[in-house]
Visitor: 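Quick one: structure below, then a few questions.
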Amino acid sequence: MKRIRTRFAPSPTGYMHIGNLRTALYAYLFAKSQGGDFILRIEDTDRARYVADAVDFIERTLAAAKIIPDEGPHHGGAFAPYVQSERMDIYKHYAEELVAKGHAYYEETEQGVAIRQKMPTVGETTFYDVLHGNITIANSELEDQVLLKSDGMPTYNFANVVDDHLMEVSHIIRGTEFITSTPKHVLLYEFFGWELPTFIHLAPVMGKAADGTISKLSKRHGATSFNDLIEAGYLPEAITNYVALLGWSPKNSCQEIFSMDELIKAFSLDGLSKSPAVFDYAKLDWMSGEYFKAMTDTAFAEVADKYLAAFDEPRKVFLASLLKTRVAKLSDIPPMIDFLKTPPPFDIDLFTNKRNKVTPQKSAEILHAAIKILSEVAEWTLEALNDKIAAFVAESGLKVGSVMWPLRIALSMQKVTPGGTTEILYLLGKETSLERLNAALEKLSA
RNA sequence: GGCGCCUUCGUCAAGUGGUUAAGACACCGCCCUCUCACGGCGGGUUCAAGGGUUCGAAUCCCUUAGGCGUCACCA
C-alpha cells in the first residue's frame with residue numbers, strides 16, 4: 001500500500017491563523033495516525049507578500065503546538081528544497097513540458113511572458129473528496145489559468161500540483177476555499193499523466209461577532225492567531241486540544257481532553273465535520289481551565305511565573321494552588337491578585353453582609369478582637385493562623401462567616417478574592433496584615 | 001450573478017430508516033461554603049422550511065430559504 005504523506009503548505013505571512021493551525025494539525029494527525037509522513041512546504045511564490053523571517057515564525061509556531069514535520073526547510077528530507085522560491089527551474093521545466101504537449105501556451109504582455117494552462121471548453125471534470133464525495137464542475141467554468149507568471153514564479157495552482165506530485169503527497173488536506181479550483185489541478189494531473197492524490201477539503205472556522213453575526217474567523221473576532229492566544233496566556237496544549245475538536249470528533253467516545261498522542265491514536269478522517277465550526281472562546285476557557293487544574297501547584301507556578309514574580313517561592317506555589325482552579329488564561333491573574341500589592345480604597349458598604357450577619361459596627365468589634373489575637377501569633381503559617389482563628393470563633397460563639405467576612409474585607413477591600421481570609425493573611429504576611437486590619441478598624445470607628 | 005459547498009440545542013457535536021435525539025461548553029437552580037472558584041446534583045432549549053418515498057424519517061429524494069466559498073500573473 002502507498003505510504004501516507006500529507007503536507008502543510010502555508011504562504012509565509014508571519015501570522016498563524018487558528019484555521020491554518022487546524023489544517024496543519026489535521027494533516028499531521030492523519031499522517032501520524034497512519035504511520036506516514038508530514039511535510040512542511042513553504043509557498044512563497046508571491047513576491048509582493050513576502051514577509052521576512054516568516055519561515056522561522058511558522059516553524060516556531062508548529063514546534064510550540066507540537067506539530068513536528070518529518071520533512072521541511074529545516075527538517076531535511078529527500079525532496080528538498082521545501083521552499084518554492086528555490087524550485088523555480090522545476091516549475092519552468094514542467095510548464096514547458098505542458099506547452100510541448102499542447103496543454104499550455106505562452107502569453108506575451110507588457111510585463112513579460114507568462115505560460116497559461118489551456119482548459120477544455122466542453123465536458124466536465126469530476127473529482128472525489130473524502131468529505132464531500134464526488135464533485136463535478138463544468139469545464140466551461142474554468143478559465144485558462146496562469147501557470148508561470150511573467151516574473152518566472154509559478155502560481156499556487158501550478159506549483160502546488162507539481163510539488164504534491166514530486167513530493168509524493170498522498171492526501172491533500174486543505175480548506176474549502178480550494179474546492180472550486182481543484183478541477184484545474186485535476187486537469188493538470190491528467191495532462192501530466194500523474195496519479196491523483198486523495199482530496200480532503202476542510203470546512204472553515206468561523207467567528208461570532210459581538211452582534212451575533214457569524215462569519216469566517218478574522219481579527220474582528222479578537223485573538224485569532226495561535227500567537228495571540230499564547231500571549232493571552234492559554235497553554236499551547238490546550239489550544240491544540242480545543243482546535244482539534246473544532247471540526248472533528250472522536251468515534252465511539254465522548255472524550256474531550258486529549259494529549260497529542262491521544263489525538264494521534266483517536267484521529268480518523270470519518271470524524272471530520274463538513275460544516276463550518278464557530279470558534280467559541282467560552283469553551284476554550286473551560287478547556288484551558290481543565291489543563292490548569294490538572295497541573296501540580298509547582299508546575300502552574302512555573303508557567304505563571306511572570307505574573308507571580310513579586311512573591312517568594314513558598315508563597316508563589318501557594319498562590320498557584322489558589323489560582324489554578326480560578327483561571328482560564330494566565331492573563332486573568334493580575335486583576336485577581338492586584339489587591340495583595342495595593343489594596344483598593346476603603347469602602348464601608350462592603351462590611352455589611354446579611355448572610356453572615358455582619359454590619360460595620362459588628363465588624364469593628366470583631367476586628368478589634370482579632371487584631372489582638374493575630375498580633376500574638378508568633379509563627380505566621382497557614383496552620384497556626386487556622387488554629388488561632390478557629391479558637392477565636394469557638395470562643396466568641398459567632399458564626400465562622402461572621403468572623404471571616406470582616407477580616408477578609410478589611411484585608412482585601414473587595415467582595416471577591418481568590419482564597420479566603422486565612423489564605424490572604426498568610427500571603428500578606430504578619431506586618432502588612434495587621435497594618436491593613438488596623439487601618440480598616442480606624443476608618444470603621446471614625 | 002454563474003458555479004460549488006454547507007444546514008441536529010446559543011456553541012462544539014453524537015447519530016447513517018424504528019433512540020425518551022448522546023455528551024460537552026454556556027446558561028439557570030440547588031448542595032457544599034467566610035467571598036469567588038473547585039466539586040456534587042438537577043433543569044430548560046435542537047433536527048432551517050415545504051413537499052414526497054416508507055408501516056415508520058434527523059437519517060433517502062425533490063424544491064425553497066439562508067450561510068459560506070469561488071470566478072486573480074493571491075494563496
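Naming: A, B, ... by sequence-line order, numbering from 1 per chain.
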Visitor: Provide, to the nearest angstrom, the distance between the NE2 atom belonging to A:His17 and the P atom belonging to B:A75.
Guide: 19 Å
Visitor: Would you mind classifying the nucleic acid contact of A:Ser11 as base, sugar-phosphate or nothing, using non-hydrogen atoms under 4.0 angstrom?
Guide: sugar-phosphate
Visitor: Rounded to the nearest 0.5 Å, how far does CD of A:Glu107 lie from CG of A:Asp144?
Guide: 9.0 Å
Visitor: With a 3.5 Å limit on both atom pairs, tell me what B:G42 is paired to, counting Watson-Crick and G-U wobble, or say none.
Guide: B:C28
Visitor: Among B:C34, B:C68, B:U35, find the nucleotide with the atom closest to the side chain of A:Val416.
Guide: B:U35
Visitor: Under the criterion salt bridge (charged side-chain N to carboxylate O under 4.0 Å, His left out), I'd like the reasoning laid out for A:Glu290 against A:Lys293: C-alpha separation, chi angles, the key distance, then a yes or no.
Guide: CA-CA 5 Å; A:Glu290 292 298 301; A:Lys293 275 180 271 176; 2.9 Å; yes
Visitor: Could you give the CZ-to-C1' distance, from A:Arg326 to B:G39, as a whole number of Å?
Guide: 13 Å
Visitor: Closest to the A:Glu141 side chain: B:C3, B:G39, B:A75?
Guide: B:C3
Visitor: What nucleic acid atoms does A:Thr136 come within less than 4.0 Å of, heavy atoms only: base, sugar-phosphate, or nothing?
Guide: sugar-phosphate
Visitor: Quick one: label A:Thr45 by what it contacts on the DNA or RNA (base, sugar-phosphate, nothing), any heavy atom closer than 4.0 Å.
Guide: sugar-phosphate
Visitor: Please determine, for B:G2, whether a Watson-Crick or G-U wobble partner exists with both distances under 3.5 Å, and give it or none.
Guide: B:U70
Visitor: Rounded to whole angstrom units, what separation is found between the NZ atom of A:Lys184 and the C1' atom of B:U70?
Guide: 8 Å
Visitor: Could you let me know what B:U59 is paired to, Watson-Crick or G-U wobble, both distances under 3.5 Å, or none if it's on its own?
Guide: none
Visitor: Between A:His132 and B:G4, does any side-chain N or O lie under 4.0 Å from OP1 or OP2?
Guide: no
Visitor: Mind checking the P distance from B:U33 to B:C47? Whole angstroms is fine.
Guide: 41 Å
Visitor: Should the pair A:Phe267 and A:Trp248 be assigned to parallel (<30°), tilted (30 to 60°) or perpendicular (>60°) ring geometry?
Guide: parallel
Visitor: Roughly how many Å apart are B:C9 and B:G15, using the C1' atom of each and rounding to a whole number?
Guide: 15 Å
Visitor: On a whole-Å scale, what distance lies between the P atoms belonging to B:C28 and B:A22?
Guide: 23 Å
Visitor: Both distances below 3.5 Å, Watson-Crick or wobble geometry, any strand: find the nucleotide opposite B:C9.
Guide: none
Visitor: Determine the interatomic distance between P on B:C31 and the same-named atom on B:G18; round to the nearest Å.
Guide: 43 Å
Visitor: In this structure, how many angstroms lie between the P atom of B:G23 and the CD1 atom of A:Ile257, rounded?
Guide: 18 Å
Visitor: I want to check one thing: is the phosphate of B:C74, taken as OP1 and OP2, less than 4.0 Å away from some side-chain N or O of A:Lys149?
Guide: yes
Visitor: What distance, rounded to whole Å, do you find between the two C1' atoms, one in B:C27 and one in B:U11?
Guide: 12 Å
Visitor: Map A:Leu284 and A:Lys415 onto RNA chain B by nearest heavy atom, then report which one ends up closer to the 5' terminus.
Guide: A:Leu284
Visitor: Compare side-chain N and O positions of A:Ser249 against OP1 and OP2 of B:A14 and report whether any pair is under 4.0 Å apart.
Guide: yes
Visitor: What is the distance from CZ of A:Phe158 to C1' of B:C73, rounded to the nearest Å?
Guide: 14 Å
Visitor: Both A:Asn252 and A:Pro154 contact RNA chain B. Which one's nearest nucleotide lies toward the 5' end?
Guide: A:Asn252
Visitor: Decide whether A:Ser268 and A:Asp270 meet the rule of one side-chain donor and one side-chain acceptor closer than 3.5 Å.
Guide: yes
Visitor: When rounded to the nearest Å, what value does the distance between C1' atoms of B:U46 and B:G10 take?
Guide: 10 Å
Visitor: Out of B:A75, B:C73, B:C34, which nucleotide sits closest to the side chain of A:Asn157?
Guide: B:A75
Visitor: Just the rounded figure in Å: distance from C1' of B:C74 to CZ of A:Arg47.
Guide: 14 Å
Visitor: May I ask you to evaluate whether A:Lys399 reaches the phosphate of B:U33, defined as a side-chain N or O under 4.0 Å from OP1 or OP2?
Guide: no
Visitor: Mind checking who B:A48 pairs with, Watson-Crick or G-U wobble, both distances under 3.5 Å?
Guide: B:U64
Visitor: Roughly how far apart, to the nearest Å, are B:A65 and B:A49 at atom P?
Guide: 16 Å
Visitor: Using whole Å, what does the distance between atom C1' of nucleotide B:C36 and atom CE of A:Met404 come to?
Guide: 15 Å
Visitor: Decide yes or no on ring pair (Phe, Tyr, Trp, His ring centres under 6.0 Å) for A:His165 and A:Phe192, but give the supporting numbers first.
Guide: CA-CA 10 Å; A:His165 169 73; A:Phe192 281 119; 7.8 Å; no
Visitor: Salt bridge or not for A:Arg49 and A:Asp46, using N-O below 4.0 Å?
Guide: yes
Visitor: So, is A:Arg49 near the phosphate of B:A75, with a side-chain N or O under 4.0 Å from OP1 or OP2?
Guide: no
Visitor: Take atom CG of A:Asn134 as the centre, draw a 6.0 Å sphere, and report whether it contains more than 12 heavy atoms from other residues, nucleotides or ligands.
Guide: yes
Visitor: Side chain of A:Lys251 only, heavy atoms from C-beta on: which candidate in B:A14, B:C34, B:C73 is closest?
Guide: B:A14
Visitor: Roughly how many Å is it from CD1 in A:Ile409 to C1' in B:C36, rounded to a whole number?
Guide: 11 Å
Visitor: Do A:Thr176 and B:C5 have a side chain to base donor-acceptor pair shorter than 3.5 Å?
Guide: no
Visitor: Nearest heavy-atom pair of A:Ile424 and A:Leu411: which atoms, and what distance?
Guide: CG2-CB, 3.9 Å
Visitor: Quick one: do the A:His201 and A:Arg174 side chains pair a donor with an acceptor below 3.5 Å?
Guide: yes
Visitor: Between B:U35, B:G4, B:C73, spot the one nearest the side chain of A:Thr180, thanks.
Guide: B:G4
Visitor: When you check the phosphate oxygens OP1 and OP2 of B:G39, does a side-chain N or O of A:Lys293 lie under 4.0 Å from one of them?
Guide: yes
Visitor: Does A:Trp286 have a side-chain nitrogen or oxygen under 4.0 Å from the phosphate oxygens OP1 or OP2 of B:C25?
Guide: yes
Visitor: Measuring from A:Leu166:CG to A:Phe79:CZ, what's the distance to the nearest 0.5 Å?
Guide: 8.5 Å
Visitor: For B:U19 versus B:U59, give the span between their C1' atoms, rounded off to a whole number of Å.
Guide: 12 Å
Visitor: Name the closest nucleotide to the A:Thr325 side chain, picking from B:C38, B:C34, B:G4.
Guide: B:C38
Visitor: Hey, is the side chain of A:Arg174 poking within less than 4.0 Å of OP1 or OP2 on B:A75, counting only N and O atoms?
Guide: no
Visitor: Could you list all N or O pairs between the protein and nucleotides 7-12 of chain B that sit under 3.5 Å apart?
Guide:
{"unit_1": "B:G10", "atom_1": "O2'", "unit_2": "A:Lys208", "atom_2": "NZ", "d": "2.7"}
{"unit_1": "B:C12", "atom_1": "OP1", "unit_2": "A:Val278", "atom_2": "N", "d": "2.9"}
{"unit_1": "B:C12", "atom_1": "O2'", "unit_2": "A:Leu245", "atom_2": "O", "d": "2.9"}

Visitor: Could you check A:Tyr281, A:Tyr234, A:Phe279 and say which one makes a ring pair (Phe, Tyr, Trp, His ring centres under 6.0 Å) with A:Tyr242?
Guide: A:Phe279
